[in-house]
S.K.: 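This is the structure I want to talk about, given as structure tokens.
Order of the sequence lines sets the chain letters (A, B, ...), proteins ahead of strands, with each chain counted from 1.
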Amino acid sequence: MTEEKAKPANFIEKIIQDDLASGKHDNIQTRFPPEPNGYLHIGHAKAICVNFGLAQQFGGQCNLRFDDTNPEKEEDEYVQAIQSDVKWLGFDWAGDIHYTSDYFDQLHEWAVYLIKEGKAYVCDLSAEQTKEYRGSFEKVGTNSPFRDRSIEENLALFEKMRLGEFDEGACGLRVKIDMTSPNMSMRDPYIYRIKKATHHQTGDKWCIYPSYDYAHGQSDALEGISHSVCTLEFADHRPLYDWFIENLPVPAQPHQYEFGRLSINYTVTSKRKLRALVEGKVVNGWDDPRMPTISGMRRRGYTPAAIRHFCDSLAVSKTDGTVDVAQLEFFIRDDLNQNAPRGTCVINPLKVVINNMAADHSENITVPFLQDRPEMGERDVPFSSEIYIDQNDFKEEYSKKFKKKFCVGKRIRLRHGYVIEAEGFEKDEQGNIVQVNAKLIENTLGCDPEDGDKPKGVVHWISCAHAVEAELRMYKRLFSDENPDGGNKDFMECLTPDSLEVTTALIEPALAGVAPESVFQFEREGYYVADRVDHSIDKPVFNLTIGLREDKGLAS
RNA sequence: AGGGGUGUAGCCAAGCGGUAAGGCAACGGGUUUUGAUCCCGUCAUGCGUAGGUUCGAAUCCUGCCACCCCUGCCA
């Protein structure tokens with residue numbers, strides 16, 4: 001297994017090292033704060049690895065906190081799915097799960113505190129008016145006409161908001177900062193809004209909900225988070241984050257640090273777009289193996305280690321780059337090459353009849369599941385006079401390009417088995433080769449032919465009488481455009497036409513009964529996983545995780 | 001002169017004044033009972049750009065250019 005070699009410290013690690021050295025912090029506490037409004041994707045995997053990884057690395061802890069301040073968009077289904085994804089990735093949060101909604105009482109109390117301090121006010125401006133008053137990038141904002149209400153009036157109004165006496169949008173609580181700030185998020189941001197929605201955690205207790213900006217930093221403080229790591233787009237909010245920490249009697253002084261969000265080419269990492277794919281039935285759910293969601297990658301056969309290694313290979317920096325999907329693919333191949341047991345699957349069967357064997361001959365060849373890993377065991381592979389090889393491995397005419405293929409007059413090694421030599425073939429009316437006639441070269445199990453005529457190539461094969469049918473689901477990348485997320489194009493127009501191809505193939509008997517989620521390398525074909533949902537011994541179903549690397553200059 | 005952030009190879013990235021790490025990709029070659037794996041080798045006289053400081057600059061200074069983010073009572 002490739003254990004991570006010494007990597008240079010990233011800028012956040014350096015900050016933490018300094019904070020530990022200077023005594024600013026004795027203990028490192030981070031958090032992963034997803035909003036339960038969708039499934040986690042590969043971008044979240046990076047955030048998870050960064051936050052949990054930092055805690056591990058510096059002997060601290062990482063909380064899992066659901067940032068659930070918007071009941072209209074959030075659901076319990078997502079909080080369950082997120083927990084299971086984080087665990088599957090191999091991380092354990094410290095103590096209980098946290099919810100921002102755990103702090104609604106405290107947050108409300110602090111809002112009242114801000115009103116009493118004269119730093120917050122109830123504003124009756126409509127959404128459109130708020131926008132007008134806010135000004136623009138070039139134009140400073142104008143103070144709301146409600147900005148100077150008395151503390152008593154604000155207290156009374158805010159209480160009425162809480163009691164549900166106003167309609168949604170009728171008013172909201174704003175913090176009094178600076179309508180002329182060049183930073184738009186400092187122009188008297190709203191910190192409480194009315195939403196008469198049932199919350200998945202707090203039910204109907206509240207009809208006013210805190211905003212992200214108001215809730216986040218205070219939740220961090222309440223949990224004793226030392227380093228609150230988020231993505232770059234929140235950098236503009238840092239002054240606001242700090243403003244709350246300075247103006248409220250919070251129990252700790254957390255700091256926010258931002259790093260670049262992960263983008264990968266040929267895919268999208270935006271919950272909005274992923275949801276559109278699910279709702280538009282472009283894919284079969286959030287866990288469709290084509291999805292860059294954690295659950296989709298899991299169903300595709302990606303392993304937690306491969307995803308972790310990929311994330312660890314990424315930089316934690318402030319550049320917004322796009323990583324080549326080949327880098328992700330490298331890590332899944334790397335893991336599976338080392339750890340996936342091997343098996344045989346013939347996708348386009350071509351019968352080979354071995355004429356110099358008794359028609360009823362049958363023997364078992366014992367084959368290790370993984371060469372050089374005896375602890376992974378071995379299986380019996382039945383061999384008989386009629387076998388299937390792949391159509392692509394037999395060529396009617398020899399050519400240099402096909403020097404490792406099988407053709408008349410040439411010998412080929414049956415993987416883990418004997419050497420055979422082709423003597424002729426038969427075609428159907430359409431001219432397709434339907435059968436190859438061959439002879440077995442004696443004494444070639446585990447050794448070369450005695451006459452010194454060594455075969456150039458190796459093919460995988462299955463005994464006809466023992467082959468088991470399996471459904472194969474072969475996936476291509478969902479998007480054929482390198483940057484479906486980019487610019488002004490419609491990502492739905494960038495879809496690969498046939499990204500899923502379902503076919504029937506033949507697998508060796510030992511593979512039929514494997515447990516769902518077992519990943520194999522079907523030798524010379526690729527890595528396949530027994531489908532988590534649909535695979536059974538009666539109807540084996542395998543998903544293509546990823547193909548083997550191929551020698552580029554070669555056609556098949 | 002709105003504000004914030006970023007520019008090092010096809011991609012990601014280290015480098016923090018002493019003469020361009022590493023990974024992915026690509027390309028050569030070797031081994032191989034998987035055209036896989038593995039092994040070996042090649043791949044920036046150059047660090048967005050123009051000047052300046054210095055014995056010496058990707059690193060310091062100045063100007064310019066490009067890209068990303070910000071005007072939700074979303075996160």
Side-chain angles (χ1 to χ4, degrees), chain A residues 5-10 33-35 37 67-70 72-74 123 125-127 130-132 134-141 168-174 181-187 189-195 208-209 211-213 215-216 230-239 258 260-262 265 271-272 310 313-315 317-331 333-334 337-338 342 344 371 403-405 412-417 419 444-448 454-460 521-526 547-554 556:
Chain A
K5 295 136 194 137
K7 270 180 65 181
N10 63 52
E35 183 188 13
N37 67 342
D67 210 341
D68 55 351
T69 57
N70 189 347
E72 288 170 352
K73 296 189 173 176
E74 298 153 7
C123 183
L125 252 25
S126 68
T130 299
K131 196 176 157 125
E132 282 166 31
R134 187 159 32 231
S136 67
F137 295 145
E138 301 79 24
K139 212 178 90 204
V140 297
E168 288 189 13
C171 55
L173 185 69
R174 293 228 250 173
S181 172
N183 182 340
M184 304 303 284
S185 70
M186 297 296 270
R187 321 248 261 224
Y190 279 79
I191 65 168
Y192 261 97
R193 50 332 187 186
I194 299 166
K195 282 187 190 290
I208 57 171
Y209 291 92
S211 66
Y212 162 85
D213 283 310
H216 202 89
C230 63
T231 43
L232 244 30
E233 68 270 25
F234 293 102
D236 286 333
H237 298 233
R238 191 174 351 111
E258 313 88 19
R261 175 192 277 288
L262 169 65
N265 60 13
K271 269 193 232 174
R272 202 202 97 233
F310 168 67
S313 81
L314 302 170
S317 69
K318 285 178 176 275
T319 38
D320 23 41
T322 300
V323 173
D324 194 328
V325 69
Q327 191 159 331
L328 209 208
E329 295 174 343
F330 167 82
F331 284 98
R333 286 197 183 100
D334 186 50
N337 173 53
Q338 296 174 67
R342 312 281 123 125
T344 301
Q371 211 75 241
K403 65 182 176 191
K404 295 204 175 190
K405 304 287 188 193
I412 200 80
R413 167 128 245 149
L414 297 178
R415 176 71 169 153
H416 302 301
V419 172
T444 50
L445 188 60
C447 51
D448 287 326
K454 287 173 62 174
K456 297 281 188 297
V458 180
V459 298
H460 56 292
Q521 183 197 102
F522 291 165
E523 286 190 299
R524 306 209 315 128
E525 290 292 355
L548 260 23
R549 271 176 46 134
E550 280 182 76
D551 193 329
K552 283 296 175 347
L554 290 165
S556 60

S.K.: With rounding to whole Å, what would you report as the distance between B/C40 and B/A58 at their C1' atoms?
M.R.: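 Comparing C1' positions in B/C40 and B/A58 gives a spacing of 31 Å.
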S.K.: Please measure how far the P atom in B/A9 lies from the corresponding atom in B/G72, and state the result in whole Å.
M.R.: 36 Å
S.K.: For a 4.5 angstrom cut-off between non-hydrogen side-chain atoms, does A/V458 reach A/E523?
M.R.: no
S.K.: Check every atom of B/A75, B/A25, B/G3 against the side chain of A/N183 and return the nucleotide holding the closest atom.
M.R.: B/G3
S.K.: Tell me whether the OP1 or OP2 atom of B/U34 has a side-chain N or O from A/R342 closer than 4.0 Å.
M.R.: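 No.
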S.K.: Answer yes or no: is there a side-chain heavy-atom contact under 4.5 Å between A/H460 and A/R342?
M.R.: no
S.K.: Does some side-chain heavy atom of A/N10 sit less than 4.5 Å from a side-chain heavy atom of A/S317?
M.R.: no
S.K.: A/L173 near the nucleic acid: base, sugar-phosphate alone, or nothing, with a heavy-atom cut-off under 4.0 Å?
M.R.: nothing
S.K.: Looking at A/K7, I'd like to know whether one of its side-chain N or O atoms comes within less than 4.0 Å of OP1 or OP2 on B/G23.
M.R.: no
S.K.: Identify whether any heavy atom of A/Q521 sits under 4.0 Å from a base atom; if not, whether one sits that close to sugar-phosphate; answer base, sugar-phosphate or nothing.
M.R.: base
S.K.: Would you say whether A/F137 stacks on B/G2? The test is a distance between ring centres of less than 5.5 Å and an angle between planes of less than 30°.
M.R.: yes
S.K.: Taking the C1' atom in each of B/U33 and B/C38, what is the distance between them to the nearest angstrom?
M.R.: 16 Å
S.K.: With A/L548, which residues qualify under side chain to side chain contact (heavy atoms under 4.5 Å, CB included), at least two apart?
M.R.: A/Q521, A/Y527
S.K.: When rounded to the nearest Å, what value does the distance between P atoms of B/G22 and B/C39 take?
M.R.: 15 Å
S.K.: Is A/R261 near enough to B/C69 that one of its side-chain N or O atoms lies under 4.0 angstrom from OP1 or OP2?
M.R.: no
S.K.: Checking all strands, does A/G141 fall into the base, sugar-phosphate, or nothing category for heavy-atom contacts under 4.0 angstrom?
M.R.: nothing
S.K.: Reckon A/R333 touches a base, only the sugar-phosphate, or nothing at all at heavy-atom distances under 4.0 Å?
M.R.: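 No contact.
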S.K.: Under a 3.5 Å limit for both distances, which nucleotide forms a Watson-Crick or G-U wobble pair with B/C67, could you say?
M.R.: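 Base partner found: B/G5.
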S.K.: Could you check which of B/G2, B/U34, B/A75 has an atom nearest any side-chain atom of A/P182?
M.R.: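 Within the option list, the nearest is B/G2.
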S.K.: Do the side chain of A/R261 and the main chain of A/T231 share a donor and acceptor less than 3.5 angstrom apart?
M.R.: no
S.K.: Can you tell if the side chain of A/V323 reaches within under 4.5 Å of the side chain of A/L262, non-hydrogen atoms only?
M.R.: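 Yes, their side chains come closer than 4.5 Å.
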S.K.: Which nucleotide in the set B/C74, B/G35, B/C24 lies at the smallest distance from any side-chain heavy atom of A/A326?
M.R.: B/C24
S.K.: Would you indicate which nucleotide in B/G5, B/C24, B/A36 comes nearest to any side-chain atom of A/R549?
M.R.: B/A36
S.K.: List the protein contact pattern of nucleotides 9-15 of chain B with one symbol per nucleotide (5' to 3'): B for base contact, S for sugar-phosphate-only contact, - for none; contact means a heavy-atom distance under 4.0 Å.
M.R.: --SSSSS
S.K.: Paired with B/U53 by Watson-Crick or G-U wobble geometry, both distances under 3.5 Å: which nucleotide is it?
M.R.: none
S.K.: Using the C1' atom as the reference point in each nucleotide, state the distance between B/G29 and B/G35 in Å, no decimals.
M.R.: 15 Å
S.K.: Paired with B/G17 by Watson-Crick or G-U wobble geometry, both distances under 3.5 Å: which nucleotide is it?
M.R.: none
S.K.: Say you pick atom P in B/G46 and the same atom in B/A14; how far apart are they, in whole Å?
M.R.: 23 Å
S.K.: Using atom C1' in both nucleotides, what's the gap between B/A66 and B/G23 to the nearest angstrom?
M.R.: 27 Å
S.K.: What is the nucleic acid contact for A/Y209, judged by heavy atoms within less than 4.0 Å: base, sugar-phosphate only, or nothing?
M.R.: nothing
S.K.: What contact category does A/D236 fall into here, base, sugar-phosphate, or nothing, at under 4.0 angstrom with non-hydrogen atoms?
M.R.: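 It contacts base atoms.
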S.K.: B/G72 phosphate, OP1 or OP2: any side-chain N/O from A/K131 under 4.0 angstrom?
M.R.: yes
S.K.: Under a 3.5 Å limit for both distances, which nucleotide forms a Watson-Crick or G-U wobble pair with B/C73, could you say?
M.R.: none
S.K.: Select base, sugar-phosphate, or nothing to describe what A/K271 touches, counting heavy atoms under 4.0 Å on all strands.
M.R.: nothing
S.K.: Mind checking if A/H237 touches a base, just sugar-phosphate, or nothing, with heavy atoms under 4.0 Å?
M.R.: base
S.K.: Would you indicate what A/E138 reaches in the nucleic acid, counting non-hydrogen atoms under 4.0 angstrom: base, sugar-phosphate, or nothing?
M.R.: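 Answer is nothing: A/E138 stays at 4.0 Å or more from every strand.
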S.K.: Does the side chain of A/T344 come within less than 4.5 Å of A/H416's, by heavy atoms?
M.R.: no
S.K.: Under 3.5 Å for both donor-acceptor distances, Watson-Crick or wobble: does B/G28 have a partner, and if so which one?
M.R.: B/C40
S.K.: Just to confirm, is there a sub-4.0 Å distance from OP1 or OP2 of B/C73 to any side-chain nitrogen or oxygen of A/R187?
M.R.: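 Looking at the OP1 and OP2 atoms of B/C73, neither is under 4.0 Å from any side-chain N or O of A/R187.
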S.K.: Sticking with atom C1', work out how far B/C11 lies from B/G17, rounded to a whole angstrom.
M.R.: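 Going atom to atom, C1' in each nucleotide, I get 29 Å.
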S.K.: Look at A/T69 and B/A75 and indicate whether a side-chain polar atom (N or O) is within less than 4.0 Å of OP1 or OP2.
M.R.: yes
S.K.: Give each protein N/O atom lying under 3.5 Å from an N/O atom of nucleotides 30-33 of chain B, with the pair distance.
M.R.:
unit_1, atom_1, unit_2, atom_2, d
B/U33, O3', A/R415, NH1, 3.4
B/U33, O2', A/R415, NH1, 2.5
B/U33, O2, A/H416, N, 2.9
B/U33, N3, A/R413, NE, 3.1
B/U33, O4, A/R413, NH2, 2.9
B/U33, O4, A/G446, N, 2.5

